[in-house]
Number of protein chains: 2
Amino acid sequence: MSKLVGCIEAGGTKFICAIGTGADDIRAEVRFPTTTPEETLGQAVAFFKEQQAELGPVAAIGIASFGPVDLNPDSPTYGYITTTPKPGWAHTDVVGAIKAELDVPVAFDTDVNGAAFGEYKWGAGQGLNTFVYFTIGTGIGGGGMVGGQLMHGLLHPEMGHMMVPHDLTEDPYPGHCPFHKDCLEGLACGPAIEERWQTDAANLPEDHKAWDLQAKYLGYLCVNTTLMLSPQRIILGGGVMAQPHLFAKIRSKTQELLNGYVQTPELQDNIDNYIVSPGLGDKAGRLGAIALAQALI
Amino acid sequence: MSKLVGCIEAGGTKFICAIGTGADDIRAEVRFPTTTPEETLGQAVAFFKEQQAELGPVAAIGIASFGPVDLNPDSPTYGYITTTPKPGWAHTDVVGAIKAELDVPVAFDTDVNGAAFGEYKWGAGQGLNTFVYFTIGTGIGGGGMVGGQLMHGLLHPEMGHMMVPHDLTEDPYPGHCPFHKDCLEGLACGPAIEERWQTDAANLPEDHKAWDLQAKYLGYLCVNTTLMLSPQRIILGGGVMAQPHLFAKIRSKTQELLNGYVQTPELQDNIDNYIVSPGLGDKAGRLGAIALAQALI
């Protein structure tokens, strides 16, 4: 039987902490807004202390965090959130804060790598060794596995900021990204949709041209991901993807843009199984952090 | 001492075959034009048979091939060049043709993964676990390693065809790619430069605006690669990169486009060491195929 572990899904807006042994066995869970590091990490520590008194000790804690983060175990700032623009959070020692109060091994990765790992264990990434998980929401982020390992590298990928074609005649919206204006995130994140169309995305009907444009940008995302990484599957999660009609449009746009260049059944007849929604829904992040903790013990 | 192995750098224009033990010990080498599969693979077999009679048996042969290729060992067409538009070469069983005549283990990968592996063993990829090798020439191709393994996935990456911004006001050239017109290869491969400026690239002086435009497109390549893969280094080889003045322009454009988004010394003060030329020059492919063969034994 799997051991009891803890997890923290550390988001820029809210934290979710949980204790359990796997996707089907979460024994306690709490969520609270992300305020200052002291208060927020303090609340996480308090949750684990209280719950351990009741449920017994956790063998490890996994953290899937907003970033950028330092994932290099040899770095003096390993386990930190580094240069985030989020007020108060730049250069925060997340792993250190948890380890100082709770004497357990701590696994640490990006929020999107965490979600990818959750999908690998219990969701749409099962049995795959190379796949990508994207979240399309307030921002756009991507993580994944290549050759059976979570993607790290120099720092960690920041896939959402890739630069893609932007036809200003069709879409004069200048873009929402404070760094790059019209990178993919700048064109296709939730706030960009709302700013471009001057309404909440939920108010846009399915036949609104907003969704064709959105599918085009997310088609570029899927095309460039296919060409750069040759994944076995692309998982699209996050608030914007809560519009299920978007999937068919994105799949069709991806095929149109690739124009038959990559010849494989997965991209032709079977594309419904290539660009998919998360098997774990919006729980991928915290369940992934559970899986990260279990991988440590 | 390393064992004697053979290699084939199988290009769409020419084949290079060699026998040796490593980068500093190539004992025989031959090159011949790529004609029909029968003739060309026959010449490769004849070279190894003749040379083995003189130099002794090779323990394995590595092949770094133009593609697309089938790299899945479980596939019935493993070792084939698959859907290439090159006349006569579609669905050619390259590994089978070599194994049928030469009774040795055969390693098989893409030309760019081969070059990346050569750079990993003896060139600019030494000591790294995540890096990318691009060739910018008649076409644009990319391969590399992630987490210490060569990139494969569903098929293999086709990085050169990524889609990037194309400002038609600045550059009305429609693009050279038969599949995507103005994908990166369509805008920045050697034939695109020549068609756009109506002259051989070698005739364009260093201060010609052609090179600023070229650096912009290759800047997009480096930016998107940085964001997708977070490599520790990007190696740019191929005929177009024989213009050494291009490197400074590409590095500067990459920094300008990233606009400080990825905060790391490698991308700020030390970018000369991040975007580099191949340590093995134009020998990366065949030496990589030697390394692939050695990894098999």
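None of the values given here were measured: they were computed from a predicted structure. Every chain is numbered from 1 and lettered A, B, ... according to where its sequence line falls, protein lines coming before strand lines. Computation of the quantities below employed the complete heavy-atom set of this structure, encompassing side-chain atoms and omitting hydrogens, waters and symmetry-equivalent molecules.
With a threshold of 4.5 angstrom between heavy atoms, A:V223 approaches chain B through side-chain atoms but not through N, CA, C or O. There is no contact between A:L168 and chain B, counting heavy-atom distances below 4.5 Å. Of the two parts of A:Q232, the backbone and the side chain both hold a non-hydrogen atom closer than 4.5 Å to a non-hydrogen atom of chain B. Contact annotation for B:Q263: both backbone and side-chain heavy atoms come within less than 4.5 Å of a heavy atom of chain A. Residue B:Y274 touches chain A through its side chain alone, counting heavy-atom pairs closer than 4.5 Å. With a 4.5 angstrom heavy-atom cutoff, A:H156 touches chain B only via backbone atoms. Interface remark: B:Y220 contributes side-chain atoms only to the contact with chain A (heavy atom separation under 4.5 Å).
Between chain A and the residues B:G153, B:G148, B:P178, the most heavy-atom pairs under 4.5 angstrom are made by B:G153. Put simply, of A:H152, A:H161, A:M151, the one with the most heavy-atom pairs under 4.5 Å next to chain B is A:H161. For chain A, the option among B:T130, B:T225, B:L155, B:V132 with the highest count of heavy-atom pairs below 4.5 Å is B:L155.
Taking all atoms of both residues into account, the shortest heavy-atom contact from B:M159 to A:M228 is CE-O, 3.5 Å. Looking at every heavy atom in both residues, A:P157 comes nearest to B:S230 through N-CB, 3.7 Å. Residue A:P231 comes nearest to B:L154 through the heavy atom pair O-CB, 3.3 Å, listed as atom of the first residue, atom of the second, then distance.
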- Quick one: do B:Y261 and A:H180 satisfy side chain to side chain donor-acceptor pair (under 3.5 Å)? Show the steps, please. CA-CA 8 Å; B:Y261 182 67; A:H180 316 116; over 6 Å; no
- Task: Decide yes or no on side chain to side chain contact (heavy atoms under 4.5 Å, CB included) for B:N224 and A:V164, but give the supporting numbers first.
- Result: CA-CA 9 Å; B:N224 282 359; A:V164 295; 5.7 Å; no
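Rounded to the nearest 0.5 angstrom, B:T226 OG1 and A:E158 CD are separated by 11.5 Å. B:M163 contributes atom CE, which lies 6.0 Å from atom CG of A:L258 (distance to the nearest 0.5 angstrom).
When side chains are defined from C-beta on, A:M162 does not count as touching B:M162, because their heavy atoms never get closer than 4.5 Å.
Shown here is A:F108, whose CZ atom has more than 12 heavy atoms of other residues, nucleotides or ligands within 6.0 Å.
Using non-hydrogen atoms only and a strict 4.5 Å limit, the part of residues 67-86 of chain A facing chain B consists of A:T83. Within residues 182-191 of chain A, no residue has any heavy atom less than 4.5 Å from a heavy atom of chain B.
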